[in-house]
Amino acid sequence: MSGSIPFYQKHHRHYDRGNRSRETESAISQYQQSSNTYSSHSSKSTKGIRAATYTALDEPRLSPLPKRVKPTYMAMDKENQIIGYVVPIFRGSHEFQSGLSDTEEARAKESAGYLARRDLFASGVESEHIEHKSHRTVMRESAERISLSKRIYENEEYHKRLNEDSLMHIPEFVIKPRSHTVWEKQCVRLHCTISGWPEPRVVWYKNNVSIDPMATPEKYKVESSYSVHSLEINKCDFDDTAQYRVSAMNSKGETSAFASVVVKRFKGEIDEFLPSPRLPPCLEYGVTFETHLVEKFGVSFGREGETLSFGCSVIIYPSLQRFQPEIEWYRDDKLLVPSKWVQMHWSGDRATLTLSHLNKEDEGLYTLRVITKSGFETHSAYVFVRDADAEVAGAPGAPLDVHSLDANKDYVIVTWKQPAVDGGSPILGYFVDRCEVGMTHWAQCNDTPVKFARFPVTGLVEGRSYVFRVRAVNKAGMSHPSRVSEPVAAMDPADRTRKGPSAPWTGQIIVTEEEPVEGVVPGRPCDLSVIEATKNYVVLSWKPPGEKGHEGVMYYVEKCVSGTDSWQRVNTEIPVKSPRFALFDLAEGKSYRFRVRCCNSAGVGEPSEPTEATTVGDKLDIPSAPGRVVPTRNTDTSVVVSWEASRDAKELVGYYIESNIAGSNTWEPCNNKPVKGTRFICHGLTTDESYVFRVRAVNAAGISEFSQESEAIKVKAAITSPTPPYGITVLECVRDSMVLAWKQPTFIGGADITGYFVDYREVIGGVPGKWHEANIKSVSERAYRVSKLKENMLYQFQVRAANMAGVGIPSLPSETFKCEEWTIAVPGPPHDLQVQEVRKDSLVLLWKPPVYQGRDPVNGYYIDIKEAEADFEMWRGVNEKATDKTFIKIKDLKMGESYVFRVRAQNKAGVGKASDSTEPVEAVTKPGTAEIVVNVDDDGVISLNFECSNLTADSKFVWSKNYVEMTEPERMTLETKGSKSKAIFKTPSEEDLGIYSCFVTHTDGASASYTLSEETLKELLKVSHDHKFPIIPLKTELAVELLEKGRVRFWLQAEKISANGKAEYVFNDNVVHQGEKYKMNFDKNTGIIEMFMESLGKEDEGTFTFQLQDGKATNQSSLVLIGDVFKQLQKESEFQKKEWIRKQGPHFVEYLGYEVTPECCVRLKCKVANMKKDSVALWYNLMPYLMNQVFSVIANSSTPLKIQSTEEGIRLYTFVTFAAFVSSADTGNRLILMFFIDRARVAGGLPDVVTIQEGKCLNLTCNIWGEPIPEVTWLKNEREMVSNDHYILKFESGKFASFTITSVSTSDSGKYSILVKNKYGTESGDFTVSVFIPDEEPAHILSTPSSVCPLFLSPHFPHRAHPSFLNSASETADVPSSATNLNTVSNFTLNFRFNMHTLTKQFINSLS
């Protein structure tokens, strides 16, 4: 190996200045300052210090080297080959950061020690060169060995060529190329060793694009020598970061290997972010520094994209030039360091912090800490960052705090925080974008928005670094992108740990895989679990198997629906390398099990144990709404808002607070970055303006519902502490403790009392002792047990009340009470009596049960009343029978009279001591007193409403059921707006029966109650149902009809609908809108709602619904068009459309009809409309079955069959009447005839059998037709005949074919055929000729005269609407030419009937 130092060791973090850590730079800066301090000394004195350094330093820290031993920093192998560079330990940098030394001697040791380390570091480099020279001999020997190896290799190659066939094999990589990570401007070489025969051809690729070294010789250099192939990349830049492939191919096949090159880039110039040099420590001891911060920065407001600067002036006394304080900046208690977004400046007397390009991540509490030897001073203020103006009106704010939660080879989980501003409409989800470090192209990672604020990004290239950003989207549009995250590399955490510390970089990392060892199939993965599950993805995690050999393993993930045993592999194409995997495209709501298999080159291992069934869905729920929101005054422009934390909230990110000027409906965010506490100071408010506040909780699953709105608070100066409580009494006493009770202060200081503090002191001989605290933590109740007292001792007590402003002054000392155990059987006195709902003739008294129960539990109470001015003896009872409740409504009071009340408890032993009496209460209804009103709104919601006209800024509505406060009612929702409050029933039922009351704090006793009885509840539920489900009456239900052109109209009509009415058109549960396919019309005056469709397609089969809404009233009507109903409507629509198109030109008003007259005349007629001058009438085929009708008429016109005896024999005959076939009449409309062009046909005229006497002449004629004119061929016994003197064959006018035998002989007997043919088809007619000698009897049942044969064999009745027949009919007007010899035809009635039957049969057969 070469003795030069590898590039990756030359750039070690302690060797290269460009890669030093900040601690090292700090030490170097101190050294530079020290050098300046000692620069005035002579060279001689400097050497003296250096020499003294070795003796002054402690030996365990740095021992001097013996003179005979030279330090070396070269790493050697067993053959003394230089294999690397050993970096000397650079000690002591932390010692120079610790601040001032204690003594001059320590400072001298530190300075001298640093110089010694510097010399040692320099001498190490010199030793490197010396050691390099000392191994020249070894290097020469190494070169000789390489030469010998070359000769051996050539000899082996020679012998291989002698027997090529047996040695030929596919190329194989003996040594694969290794991946490298380099700095910019450095060179890198990829090399590999390939075996194979024939010698393979090697090609290098960069990202699957072949590298041509001839095209860029200055960049790439490719070498091949002795099966060693290399690719050298000169002066790497960031674009050289890629995956490189080397391909080797010969006649036996091809193989490839891969390696990655990562080029790391510095974040900036080398000295750009280095810390400023630290000045030498102060040498003045015994001095106390006083630090004062003046011109302090206050609460600041900025907007995204702006630059904000703030700071403080610092005055330090005494002022020493050589001493400068240490300045630290914090945001939310986290130390800030200089970066692209944060710049710090210290001018010597002022510390400034600049935030460039503000983002919401910059919002928070900023603290400046100025540190001196004597201590530190701090100042804090909040910085608010508001959202930048959206590009689209109504778009949400940008997400914030984007960072990677988990990074692996195969995916990176990106998390973020939701924005506080949604733009006025709910956020539909988020899009995650990624960008490779060093690139400028952003790629969107998800096709559909995700609502969960966490997303696993897949499809990353292993080892490459990425940054991410997130965008929010709602129905209005897309937000600005968030600030980009910090770079993260797609690699396993274990690989990062293995890489060790490195310099600051923004590039990529590739970890070189170990060479595999084949033959070991990996074992089962273990500890498989689902670490995260949402409705969009599931993340699995497991541990690698214990048995995996020396080869790296990869994994296949399999899934199975719960309840089945059908396992399906998820990653079928590429196995994953990380022991984590994210699965997508799972069906929400379904349960799955998962398992993992390991694989390597040796095969696929056994699966792991499957996980438990996991249901796809968000396991993390959106947090519940925060509890009660309490605003309190702070300054003239700020309010302190506190709230109750969300219950059972998991992975809570924080809270968003919003403010709203009372009476308006414009909510503004108070913070754009979630706060984690339950208290926040909202700044930037308007003095003397009233605000209400609400809070939402945030976690990764989403943002909760808003809390209840707070009471309105006027922005003004802070509140004051309350006045002292009074009326301290004892409720119970035992041997070592006493239970005290007291009354609320008369003035609570402008805010609710948050608690009480109790003090006690002993009284010995009438002399009070020292006060002691009974409770360190405040108590909210007006009763407290003071413990650890001494039995039979006398005590005095005092109580202090506390609110948001602080703890008030203590009350006057109580009476002296003796601490002795009560043993009486009756209960103690009730306490905490309160009076509510004071009216002119009634009021409600409330109390709390006695603490001391006596021997038996309390089973009732008696209430006493007397006039305030009456004597003690005037106490009288209110109730004769004890009540078991802790409240009572006292009636029949005298208006204007003042009363006092007391309560006594009883148990089985009797009635106990009476409580302290209340303060006098005047029975009067005060002006503005209101009662609780029950209301049913248009939505059918039942609510109890109470309004107070004399509210104060601190007033609150307290709702109770049966006079027990409802803090978080399950069956009701409490809402308060301004001076009105309502208790809304969620699902009213019998469980809600009771007395509901509302009390308003910080007033003169405003309160009221309402009793909800069973009868009242039934009436309210009936009204609620009518309001909740109002119906829009309809005149007609949804119907469908067809219009002109086949258009389809769906419509219905409402009886009455207002101008605010709305209609939705739904098809198969999907809302359809106005467009090309659907046309809607809504006439609100008539109530007609229509939807038009041009036509119906197969996809339009289903249910059509019109949904109406007019305010709260709704209705809907549906029409089901499926099956035969839909098909019939579709068919009718298509027919109407065709009809409309047809009627645009000439069309039939009356379609073609016919009638057959008794004269055998067929009359065809029709009526045509919209005829134009250029319209042409054409006749087509006249429906051949009409000929059957003609023949039927002819047959029916025959006379009864008659018999006549003649010389020749018996004659059977009948008479028939014939009429004209076709006539045309002009009735003002055109009659159209069109001839049908058909294939070649034998129209008729040939008999089946012909019997003829020898010597006679046989003449057969038949009609032939077809267009074009067919070819005619005669056959005898299947052989073609040729016309001659004996056989005369004719075909005349393209219509008539005749066959004549001049002198028939017995040899002419046989089967004859006529064959007609044109381009449309072929047809044949067959007949048989039988020749007999006169002495023989013909083979016929009935003899026929020979004179009949021509007529019999040549009928002229047309087979179908042949052109010749139509022409002859038109020429003779009414009578066809074939009817000129009626008598002759009629004489042969039998034959005629037979022939008519034959013709009819032939006619019908020809139609098939």
Side-chain angles (χ1 to χ4, degrees), residues 146 148-180 188-215 220-233 242-261 409 461-463 510-522 547-556 569 571-577 597-605:
I146 292 173
L148 179 60
S149 299
K150 179 180 178 181
R151 293 175 59 188
I152 295 173
Y153 174 79
E154 291 175 347
N155 185 50
E156 291 177 351
E157 291 298 312
Y158 171 76
H159 288 287
K160 285 182 180 179
R161 291 181 175 86
L162 296 179
N163 189 9
E164 292 185 358
D165 294 337
S166 60
L167 298 177
M168 291 176 64
H169 62 89
I170 191 172
E172 295 180 357
F173 283 89
V174 179
I175 299 177
K176 295 182 179 179
R178 295 278 185 170
S179 299
H180 290 271
V188 64
R189 173 176 290 182
L190 305 176
H191 60 85
C192 60
T193 301
I194 304 174
S195 65
W197 188 256
E199 186 174 353
R201 175 177 174 267
V202 176
V203 180
W204 292 87
Y205 297 87
K206 175 185 177 182
N207 289 337
N208 294 324
V209 178
S210 61
I211 297 174
D212 185 4
M214 302 303 295
Y220 300 106
K221 183 179 180 181
V222 176
E223 293 181 351
S224 297
S225 177
Y226 305 108
S227 299
V228 177
H229 307 271
S230 64
L231 170 66
E232 183 175 355
I233 308 172
Q243 186 180 57
Y244 291 83
R245 175 168 66 94
V246 55
S247 175
M249 179 176 62
N250 62 11
S251 59
K252 302 298 289 184
E254 180 183 7
T255 186
S256 299
F258 297 86
S260 297
V261 172
K409 294 179 182 178
V461 179
E462 181 185 348
I510 289 294
V511 177
T512 303
E513 297 290 343
E514 298 178 355
E515 286 294 328
V517 177
E518 298 181 0
V520 178
V521 177
E547 299 177 1
K548 61 179 181 179
H550 299 285
E551 181 182 359
V553 296
M554 293 187 288
Y555 306 94
Y556 285 112
R569 184 168 292 178
N571 54 329
T572 56
E573 298 180 357
I574 303 176
V576 296
K577 300 179 181 179
R597 294 175 182 265
C598 295
C599 67
N600 59 13
S601 60
V604 180

Residue Arg569 excluded, over 12 heavy atoms near CZ under 6.0 Å: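 Buried by this count: over 12 neighbours within 6.0 Å.
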Heavy-atom neighbours of Lys206 NZ exceed 12 at 6.0 Å: yes
Measure the [atom1]-[atom2] distance between [X] and [Y] for me, rounded to the nearest 0.5 Å.
{"X": "Tyr556", "Y": "Cys598", "atom1": "OH", "atom2": "SG", "value": "11.5 Å"}
{"X": "Met249", "Y": "Arg201", "atom1": "CE", "atom2": "CZ", "value": "5.5 Å"}
{"X": "Ser227", "Y": "Glu199", "atom1": "OG", "atom2": "CD", "value": "6.5 Å"}
{"X": "Arg189", "Y": "Lys221", "atom1": "CZ", "atom2": "NZ", "value": "6.5 Å"}

Closest approach of [X] and [Y], non-hydrogen atoms and distance?
{"X": "Asn571", "Y": "Tyr555", "value": "ND2-O, 3.0 Å"}
{"X": "Ser179", "Y": "Ser260", "value": "OG-N, 3.0 Å"}
{"X": "Lys176", "Y": "Cys192", "value": "C-CB, 4.1 Å"}
{"X": "Ala248", "Y": "Pro200", "value": "CB-CB, 4.1 Å"}
{"X": "Asn250", "Y": "Gly196", "value": "ND2-C, 4.2 Å"}
{"X": "Arg178", "Y": "Leu190", "value": "O-CD2, 3.3 Å"}

Note, Thr255 side chain near Glu172 side chain (heavy atom, < 4.5 Å):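 No; the side chains remain at least 4.5 Å from each other.
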Chi angles and distances behind the side chain to side chain contact (heavy atoms under 4.5 Å, CB included) call for Ile233, Tyr220: CA-CA 5 Å; Ile233 308 172; Tyr220 300 106; 4.0 Å; yes
Any donor-acceptor N/O pair, Arg597 side chain to Gly605 backbone, under 3.5 Å: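 Looks like yes, one N/O pair under 3.5 Å.
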Check against side chain to side chain contact (heavy atoms under 4.5 Å, CB included), Ile211 and Leu231: CA-CA 10 Å; Ile211 297 174; Leu231 170 66; 3.7 Å; yes
Intermediate values then yes/no, side chain to side chain contact (heavy atoms under 4.5 Å, CB included), Ile194 and His229: CA-CA 8 Å; Ile194 304 174; His229 307 271; 3.7 Å; yes
